[in-house]
K.L.:
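Before I ask anything, here is the structure I am working with.
Nothing here was measured: the structure is a model prediction, and the numbers come from that model. Numbers here simply count residues along the sequence, with the first being 1.
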Amino acid sequence: MNAKRGLVVMSVLILMASQAAAQPSAAPYAPTPARKDTRNLSVMVSPVHLLLPFVELTVEKRGGDRWSIAGIVGGGEILDISIYEVGAQLNYYVVGSFNRGFQIGAEAIYMYASSQLGATRVAAEGLSIGPYAGYKIATQSGFTFNVQAGIQLIGVAGEDSSGTTTEAESTVQPLVNLNVGWTF
């Protein structure tokens, strides 16, 4: 009887071992997947403009892994000339992504300026359009630094309060943006 019991125990052990071998075993170490950064909004100011005094605010929204769109608003008064601007950028991250990478893009800015010179009010408006290349870094804490350089075509026209339009002018100039802020 002992031999029979030993044979049954051995058969049960072999059956259990074969079932365990048929099922995949759990890995002793499973690597943690890389953390996907879910930050998708950058709010930045231009510190150079603040010296004028002029406030320029850029809000950039991630559109996908490699592209984003940004809105730009600004305003201030320089030498009794009131200046306002509104514009947009379209960015494509060639290397890296929204939070850290080399970007190429295009910018369009509409600007309006006016001043009162004695009894005469003078106003001018302009549009600048141009391509650029740049680099953006958003640290783990969120602090963000963005620099862009390129060229822009600027067209300007003005008039005084009598309705006299000055000659419209256009020129090509460097496009340089330096922004700091926070990415959420």
K.L.:
Side-chain contact test, heavy atoms from C-beta onward, threshold under 4.5 Å: evaluate it for Met44 versus Trp182 and give yes or no.
P.N.:
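Sidechains of Trp182 and Met44: no contact.
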K.L.:
Determine whether a donor-acceptor pair (N or O, by modelled atom type, separation under 3.5 Å) exists between the side chain of Glu159 and the backbone of Ala123.
P.N.:
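Not a single qualifying donor-acceptor pair exists.
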K.L.:
Would Val180 end up clustered with Tyr132 when hydrophobic side chains under 4.5 Å apart are linked, directly or stepwise?
P.N.:
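Cluster IDs for Val180 and Tyr132 differ.
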K.L.:
Check residues 79-86 and write down every donor-acceptor pair under 3.5 Å in which the side-chain atom is one partner and the other belongs to a residue at least two apart or another chain.
P.N.:
none

K.L.:
Identify the heavy atoms of Ser42 and Phe98 that sit nearest to each other, and give their distance.
P.N.:
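Ser42 and Phe98 have their closest heavy atoms at OG-CZ, 3.5 Å.
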K.L.:
Determine the minimum heavy-atom distance between Ser161 and Ala119, stating which atoms define it.
P.N.:
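Answer, listing the atom of Ser161 first, then Ala119: OG-O, 4.2 Å.
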K.L.:
Just so I know, are the side chains of Tyr110 and Ser128 near enough to count as touching, which here means a heavy-atom distance under 4.5 Å?
P.N.:
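The answer is no, as the side chains (C-beta and beyond) never meet within the 4.5 Å cut-off.
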K.L.:
Under 3.5 Å, is there a donor-acceptor pair linking the side chains of Thr183 and Thr144?
P.N.:
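Looking only at side-chain atoms, Thr144 and Thr183 do form a donor-acceptor pair, the distance falling under 3.5 Å.
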K.L.:
Ignoring hydrogens and angles, tell me if any N or O in the side chain of Arg66 forms a donor-acceptor pair with the backbone of Val94 under 3.5 Å.
P.N.:
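Pair found, side chain donor or acceptor close to backbone of Val94.
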K.L.:
Does the side chain of Asn40 reach to within under 4.5 Å of the side chain of Phe184, using non-hydrogen atoms?
P.N.:
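The answer is no; the side chains never approach within 4.5 Å.
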K.L.:
Nearest 0.5 angstrom please: Asn146 CG to Ser46 OG, how far?
P.N.:
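One finds 11.0 Å between CG of Asn146 and OG of Ser46.
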K.L.:
So, do Ile151 and Leu175 sit near enough that their side-chain heavy atoms are less than 4.5 Å apart?
P.N.:
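Contact flag for Ile151/Leu175 side chains = no.
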K.L.:
Between Ile72 and Leu153, is there a shared hydrophobic cluster once you connect ILVMFWY residues whose side-chain heavy atoms come closer than 4.5 Å?
P.N.:
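No; Leu153 is not reachable from Ile72 via cluster members.
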K.L.:
Can you tell me how far OG of Ser114 sits from CZ of Arg121, rounded to the nearest 0.5 angstrom?
P.N.:
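Interatomic distance, Arg121 CZ to Ser114 OG, rounded to 0.5 Å: 4.0 Å.
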K.L.:
Is the closest side-chain heavy-atom distance between Val45 and Asn179 below 4.5 Å?
P.N.:
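No, side chains not in contact.
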K.L.:
Within this structure, what is the OG1-CD1 distance for the pair Thr171 and Ile154, rounded to the nearest 0.5 Å?
P.N.:
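That separation rounds to 6.5 Å.
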K.L.:
Once you measure the plane-to-plane angle for Phe54 and His49, does it fall in the parallel (<30°), tilted (30-60°) or perpendicular (>60°) bin?
P.N.:
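Tilted: the ring planes of Phe54 and His49 meet at 30° to 60°.
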K.L.:
Test your reading of the model: is there a side-chain donor-acceptor pair from Arg62 to the backbone of Ile69, 3.5 Å cut-off?
P.N.:
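A pair under 3.5 Å: no.
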K.L.:
With clusters defined by side-chain heavy atoms of hydrophobic residues (ILVMFWY) lying less than 4.5 Å apart, directly or transitively, does Phe145 cluster with Val43?
P.N.:
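Same hydrophobic cluster.
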K.L.:
On a heavy-atom basis, which atom in Arg100 and which in Ile137 lie closest, and how many Å separate them?
P.N.:
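Between these two residues, the closest heavy atoms are NH2-CG2, 3.4 Å.
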K.L.:
Please check if any side-chain donor atom of Asn91 sits under 3.5 Å from a side-chain acceptor atom of Ser68, or the reverse.
P.N.:
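The answer is yes; a qualifying pair exists.
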K.L.:
Got a donor-acceptor contact below 3.5 angstrom from the Gln116 side chain to the Gly118 backbone?
P.N.:
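Side chain of Gln116 to backbone of Gly118: a pair is present.
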K.L.:
Using a 3.5 Å cut-off and no angle test, enumerate the donor-acceptor pairs between side-chain atoms of residues 102-109 and protein atoms at least two apart in sequence or in another chain.
P.N.:
unit_1: Gln103; atom_1: OE1; unit_2: Gln148; atom_2: NE2; d: 2.5
unit_1: Gln103; atom_1: NE2; unit_2: Tyr93; atom_2: OH; d: 3.2
unit_1: Glu107; atom_1: OE1; unit_2: Gln89; atom_2: NE2; d: 2.9
unit_1: Glu107; atom_1: OE1; unit_2: Asn177; atom_2: ND2; d: 3.0

K.L.:
Rounded at 0.5 Å granularity, tell me how far CG in Leu127 sits from OG in Ser170.
P.N.:
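Rounded to the nearest 0.5 Å, the CG-OG separation comes to 11.0 Å.
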K.L.:
Quick one: does any side-chain atom of Lys136 pair with a main-chain N or O of Val147 as donor and acceptor, under 3.5 Å?
P.N.:
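Pair absent, no side-chain N/O of Lys136 close to backbone of Val147.
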